[in-house]
Amino acid sequence: MAKKTVADIDVKGKKVLMRCDFNVPLDDNRNITSDDRIVKAMPTIKKILNGGGSLILMSHLGRPKGERDDKYSLAPVAKRLSELLGKKVKFVDDCVGDQAAAKAKALKSGDCMLLENLRFYKEETIKDKAAKEDAQLRQAKDDFAKKLADMADIYVDDAFGTAHRDNASMYTVPMLMKGKPRVIGFLIEKELKFLGDTLKNPGKPFVAILGGAKVSDKIGVIENLIGKVDRIIIGGAMAYTFLKGNGKTIGKSLCEDDFIDKGQELLKQAADADCEVILPVDHHVVRELAPGVQYKTAVGDIDPGFQAVDIGPIAAQTYTEKIRDAKTIVWNGPMGVFEIPPFDTGTKAVAMAVAEATDKGAISIIGGGDSASAVNQLGLEDRISHISTGGGASLEFLEGKTFKCIEILDEK
Ligand code: AMP
């Protein structure tokens, strides 16, 4: 059943506590380098404010270690929010406590305030498993969540990037607000629609493209996708764990030796399910990875002393062809060390192929910050059906997991 959204409830005169994902990248001077996550929260924010609600926004930013660290302050986000909304968003430099509670109480219809980083409190990230085993931790997490929950009449979750976590603000707060409206925002609604509906009913051929550093991160995804997809295209460092298992020489390319057997097992499972797995047949290799370093192309085996840093031209061409006729595409992870040109060539070729297939009617879903930034760098974002705001969350979705913090919210 579908979840209720902010469009299904009356917020007039109500205080709305909204969990956002304002985990934006900042430069050394704490300037926001991409406001994408703030922009994507605007439709829900505007809906609530225009509907006469008052908004208490909460989020985390980065990984402060459970204590105040100004480097991770959300103050720059409040400033950007004010600019985007065209009105002042009050910033409260604590997320709980007397000051936050008093300011929440004083909010008038149409007012908006942002609380300071939730992760300045270690209680935010106490895992439910740990809380179950330790009464003190449980009490601490509940007390912290109660302070947040007590500020509002309505709970809204629009933080897809943290949907796979059982953080206090994501799970404990809505649990404590049982009996009050608890709904999703438009961003999560869109994520669920694309990831959920598309995967339930994919157009064929359905092609998954997986890359990035570690095969161990993607085992659950591969297991879940075998049997659903027609092809799995593998690039990035994770390819070398499979290739070594296949008997190839991989030089000093990254490899997770502990997962070689698992990799072989997955290849067998895929073959049994008639799911084609495509690995790179050639590679750009270097002696040492550094910007501007000389590289050569290795076909098949990689010489000792060399490391693969990108798929080679034959692989890029093959991948492009294997993507061309796709009707559904999911892509997570770069094909090489794309941060260091020219080792972004394979990733760019894949990005272009995904955009071209989308132009011809494929549904394309990109999860994961690196693949998304490759697409953005190439200016292809408008030619992709959906770029997920949650790298980890979208991966867990592709693994077939459900999110308990969303499950507990109101059904339509
Ligand atoms: P992930 O977070 O698992 O999606 O991995 C992304 C990272 O994988 C990026 O920082 C890439 O630089 C890195 N990566 C991709 N391909 C390779 C490769 N062949 N060798 C080393 N690192 C790679």
Side-chain angles (χ1 to χ4, degrees), residues 4-24 30 32 35-61 68 72-121 124 144-160 162 168-170 173-174 176-177 179-189 409-410:
K4 264 192 192 163
T5 77
V6 279
D8 299 317
I9 55 167
D10 183 8
V11 296
K12 195 154 191 252
K14 305 278 190 226
K15 297 215 160 50
V16 181
L17 180 64
M18 175 169 160
R19 176 58 157 100
C20 302
D21 177 8
F22 291 147
N23 187 23
V24 292
R30 297 179 53 230
I32 296 170
D35 64 359
D36 195 46
R37 287 183 157 155
I38 308 175
V39 170
K40 286 192 166 141
M42 294 312 284
T44 310
I45 292 174
K46 283 186 180 160
K47 174 78 184 166
I48 294 165
L49 297 178
N50 292 341
S54 51
L55 248 184
I56 305 154
L57 301 171
M58 56 177 174
S59 176
H60 75 284
L61 174 66
R68 174 168 279 280
Y72 298 107
S73 171
L74 279 165
V77 173
K79 191 165 157 257
R80 185 72 191 119
L81 269 170
S82 304
E83 288 163 6
L84 289 168
L85 267 178
K87 68 184 207 177
K88 176 113 184 108
V89 172
K90 293 181 199 107
F91 181 63
V92 188
D93 75 350
D94 201 351
C95 63
V96 289
D98 294 345
Q99 197 210 150
K103 290 207 168 154
K105 202 168 170 200
L107 286 177
K108 304 232 162 17
S109 178
D111 284 350
C112 181
M113 76 182 206
L114 172 65
L115 302 173
E116 182 56 288
N117 195 338
L118 293 159
R119 289 196 187 160
F120 284 178
Y121 286 83
E124 166 68 356
F144 174 72
K146 186 165 185 319
K147 287 181 196 157
L148 292 165
D150 282 350
M151 285 190 239
D153 312 302
I154 294 172
Y155 177 83
V156 177
D157 179 4
D158 215 13
F160 187 71
T162 25
S169 61
M170 297 293 304
V173 170
L176 291 171
M177 290 177 74
K180 296 177 177 174
R182 301 171 300 172
V183 301
I184 56 172
F186 297 132
L187 178 59
I188 289 209
E189 184 188 37
L409 303 179
D410 300 346

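Note that the coordinates shown come from a computational prediction; the quantities given were computed from them, not determined experimentally.
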- Nearest-0.5 Å distance, CG of residue Asp10 to CD1 of residue Ile154: 7.5 Å
- So CE of Met113 and OG of Ser54: to nearest 0.5 Å the spacing works out to 9.0 Å
- Heavy-atom side-chain proximity of Asp158 to Glu189 below 4.5 angstrom: no
- Message: Given 3.5 Å as the limit, does a donor-acceptor pair link the side chain of Asn117 with the main chain of Leu61, or not?
- Response: yes
- Task: Answer yes or no: are there more than 12 heavy-atom neighbours, outside Lys14 itself, under 6.0 Å from its atom NZ?
- Result: no
- Task: With rounding to the nearest 0.5 Å, note down the distance linking SG in Cys112 to NZ in Lys46.
- Result: 12.0 Å
- Query: Checking side chain to side chain contact (heavy atoms under 4.5 Å, CB included) for the pair Val6/Val16: CA distance, chi angles, key distance, verdict?
  - Reply: CA-CA 10 Å; Val6 279; Val16 181; 5.9 Å; no
- Give a yes or no answer on whether the side chain of Thr5 reaches the backbone of Phe186 with a donor-acceptor pair at less than 3.5 Å. no
- Query: Minimum heavy-atom separation for Asp21 to Ala159, with atom names?
  - Reply: N-CB, 3.7 Å
- Task: Before accepting this row, confirm whether a basic side-chain N of the pair Arg19/Glu124 lies closer than 4.0 Å to the acidic partner's carboxylate O.
- Result: yes
- Item | Nearest-0.5 Å distance, OH of residue Tyr155 to CE of residue Met170 | 5.0 Å
- Task: Kindly check if the number of other-residue, nucleotide or ligand heavy atoms within 6.0 Å of NZ (Lys180) is above 12?
- Result: yes
- Task: Might you point out which heavy atoms bring Ser82 and Val89 nearest each other, and give the distance in Å?
- Result: OG-N, 3.0 Å
- Note on the structure: Those residues at least two apart in sequence (or on a different chain) that pass salt bridge (charged side-chain N to carboxylate O under 4.0 Å, His left out) with Asp410 are Arg182
- Identify which one of Ile188, Leu17, Ile48 satisfies the side-chain contact (heavy atoms from CB on, under 4.5 Å) criterion when paired with Val156. Ile48
- Which pair of heavy atoms, one from Pro174 and one from Ser169, lies closest together, and at what distance? CD-O, 3.9 Å
- Task: Any salt bridge (charged side-chain N to carboxylate O under 4.0 Å, His left out) involving residues 75-95? Give me the pairs, sequence neighbours left out, ordered by first then second residue.
- Result: Asp35-Arg80, Arg80-Glu83, Lys90-Asp111
- Query: Distance from Ile45 atom CD1 to Met18 atom CE, nearest 0.5 Å?
  - Reply: 4.5 Å
- Specify the closest pair of heavy atoms between Met151 and Cys95, including all atoms of both residues, with the distance to one decimal. CE-O, 3.3 Å
- Hits for side-chain hydrogen bond (donor to acceptor under 3.5 Å, both in side chains) against Asp8, two or more places apart or cross-chain, chain-then-number order -> Lys412
- Which atom names give the shortest non-hydrogen contact between Met177 and Asp153, and what distance separates them? CE-C, 4.1 Å
- Item | His60 side chain near Asn23 side chain, heavy-atom distance below 4.5 Å | yes
- Side-chain donor or acceptor of Ser59 paired with backbone N/O of Phe22 under 3.5 Å: yes
- Nearest heavy-atom contact between Leu114 and Ala78 is CD2-N, 3.6 Å
- Query: Just how far is it from atom CG of Leu74 to atom CG of Leu57, taken to the nearest 0.5 Å?
  - Reply: 10.0 Å
- Quick one: does Asp157's side chain have a donor or acceptor within less than 3.5 Å of a partner on Ile184's backbone? no
- Glu116 (side chain) donor-acceptor with Ser73 (main chain) under 3.5 angstrom: no
- Worked check of side chain to side chain contact (heavy atoms under 4.5 Å, CB included) between Leu81 and Phe91: CA-CA 10 Å; Leu81 269 170; Phe91 181 63; over 6 Å; no
